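It should be emphasised that the depicted structure is a prediction, and the values quoted were computed from it without experimental measurement.
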Amino acid sequence: MRIVRLDDGDVTRLMLRGELDLDTGDLFEQQAALAIADRPRELVVDVAGLTFCDSSGIDVLVAAHETATRAGIDFRVHRPQGIVLRSFTVTGVYEMLVGGRSDREPTGGRP
């Protein structure tokens with residue numbers, strides 16, 4: 001996996017490319033921790049370049065969300081698509097990580 005960091009004032013963006021899984025989760029955790037330590041107002045994780053994200057990848061995203069939130073930093077995942085979007089939707093983390101509803105969720109929501 002490759003991670004590109006872009007800092008724009010009080011917004012930090014981490015752009016992920018490749019696969020976020022058990023083998024690459026540590027790299028994301030390190031980069032997210034460095035970004036959070038710099039105390040931006042918002043941390044955006046752009047996942048449009050991810051081709052795969054397994055449950056351990058989702059775990060590190062959720063952990064980064066929780067850490068950023070505790071630090072008072074807005075955290076959101078941006079542009080999930082394909083299998084990554086499906087994984088977020090099926091596991092129920094879409095709304096927490098991305099915000100709002102996935103187009104793939106039923107209009108009436110879940111009971």
Side-chain angles (χ1 to χ4, degrees):
M1 180 174 61
R2 181 170 175 226
I3 301 174
V4 174
R5 178 176 170 166
L6 301 172
D7 293 298
D8 184 15
D10 54 357
V11 177
T12 296
R13 179 179 302 265
L14 298 177
M15 300 175 66
L16 281 52
R17 302 284 182 262
E19 298 182 355
L20 181 56
D21 56 21
L22 189 59
D23 292 331
T24 60
D26 288 348
L27 176 61
F28 173 76
E29 285 179 320
Q30 293 167 358
Q31 292 301 310
L34 290 171
I36 291 168
D38 287 341
R39 309 277 305 159
R41 178 185 52 79
E42 183 177 19
L43 176 57
V44 177
V45 180
D46 187 329
V47 297
L50 283 185
T51 56
F52 180 74
C53 182
D54 69 5
S55 61
S56 63
I58 290 173
D59 285 346
V60 296
L61 288 168
V62 168
H65 175 273
E66 291 171 353
T67 301
T69 300
R70 281 193 307 271
I73 298 167
D74 291 332
F75 179 98
R76 69 184 168 95
V77 174
H78 185 59
R79 302 190 313 155
Q81 45 197 314
I83 191 67
V84 176
L85 174 61
R86 174 121 175 94
S87 296
F88 287 3
T89 303
V90 168
T91 58
V93 299
Y94 181 91
E95 190 170 335
M96 175 182 52
L97 294 177
V98 180
R101 296 174 52 81
S102 165
D103 292 338
R104 296 176 189 254
E105 287 185 56
T107 307
R110 295 185 183 148

(request) Please list, chain by chain and in numerical order, all residues satisfying side chain to side chain donor-acceptor pair (under 3.5 Å) with D38, sequence neighbours excluded. (result)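 With neighbours one apart ignored, the set is R5.
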(message) Let's go through D21 and T24 carefully: what are the C-alpha distance in whole Å and the side-chain angles of both, what is the deciding distance for side-chain hydrogen bond (donor to acceptor under 3.5 Å, both in side chains) to 0.1 Å, and is it a yes or a no?
(response) CA-CA 5 Å; D21 56 21; T24 60; 3.3 Å; yes
For [X] against [Y], the heavy-atom pair lying closest together:
{"X": "H78", "Y": "V44", "value": "CB-CG1, 3.7 Å"}
{"X": "F52", "Y": "I83", "value": "CA-CG2, 4.2 Å"}
{"X": "V98", "Y": "P80", "value": "CG2-CG, 3.8 Å"}
{"X": "P40", "Y": "A35", "value": "CD-O, 3.1 Å"}
{"X": "A71", "Y": "I36", "value": "CB-CG2, 4.3 Å"}

(request) May I have the step-by-step check of side-chain contact (heavy atoms from CB on, under 4.5 Å) for F88 and C53, ending in yes or no? (result) CA-CA 9 Å; F88 287 3; C53 182; 4.3 Å; yes
(message) When you group the ILVMFWY residues by side-chain heavy-atom contacts below 4.5 Å and let the links chain together, are L97 and M15 in the same group?
(response)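 Different clusters.
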(message) By the side-chain hydrogen bond (donor to acceptor under 3.5 Å, both in side chains) test, which pairs, at least two apart or in different chains, include something from residues 11-20?
(response)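 Sorted result for residues 11-20: D7-T12.
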(message) Show every salt bridge (Lys or Arg N to Asp or Glu O under 4.0 Å) that has at least one partner inside residues 70-79, sequence neighbours left out.
(response)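 Sorted pair list: E42-R76, D46-R79.
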(message) Nearest 0.5 Å, please: how far is CD1 in I58 from NE2 in H65?
(response)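 Output value for this atom pair is 14.0 Å.
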(request) Using modelled atom types only, decide if a donor and an acceptor are shared between the side chain of D8 and the backbone of V11 within a distance under 3.5 Å. (result)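 The answer is no, because no donor-acceptor pair under 3.5 Å joins these two groups.
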(request) Please step through side-chain contact (heavy atoms from CB on, under 4.5 Å) for the pair L14 and V4, ending with a clear verdict. (result) CA-CA 6 Å; L14 298 177; V4 174; over 6 Å; no
Considering only heavy atoms from C-beta outward, does the side chain of [X] approach that of [Y] to under 4.5 Å?
{"X": "F75", "Y": "V45", "result": "yes"}
{"X": "V93", "Y": "L61", "result": "no"}
{"X": "S55", "Y": "T91", "result": "no"}

(request) Walk me through it: do L50 and M1 pass the test side-chain contact (heavy atoms from CB on, under 4.5 Å)? (result) CA-CA 8 Å; L50 283 185; M1 180 174 61; 4.2 Å; yes
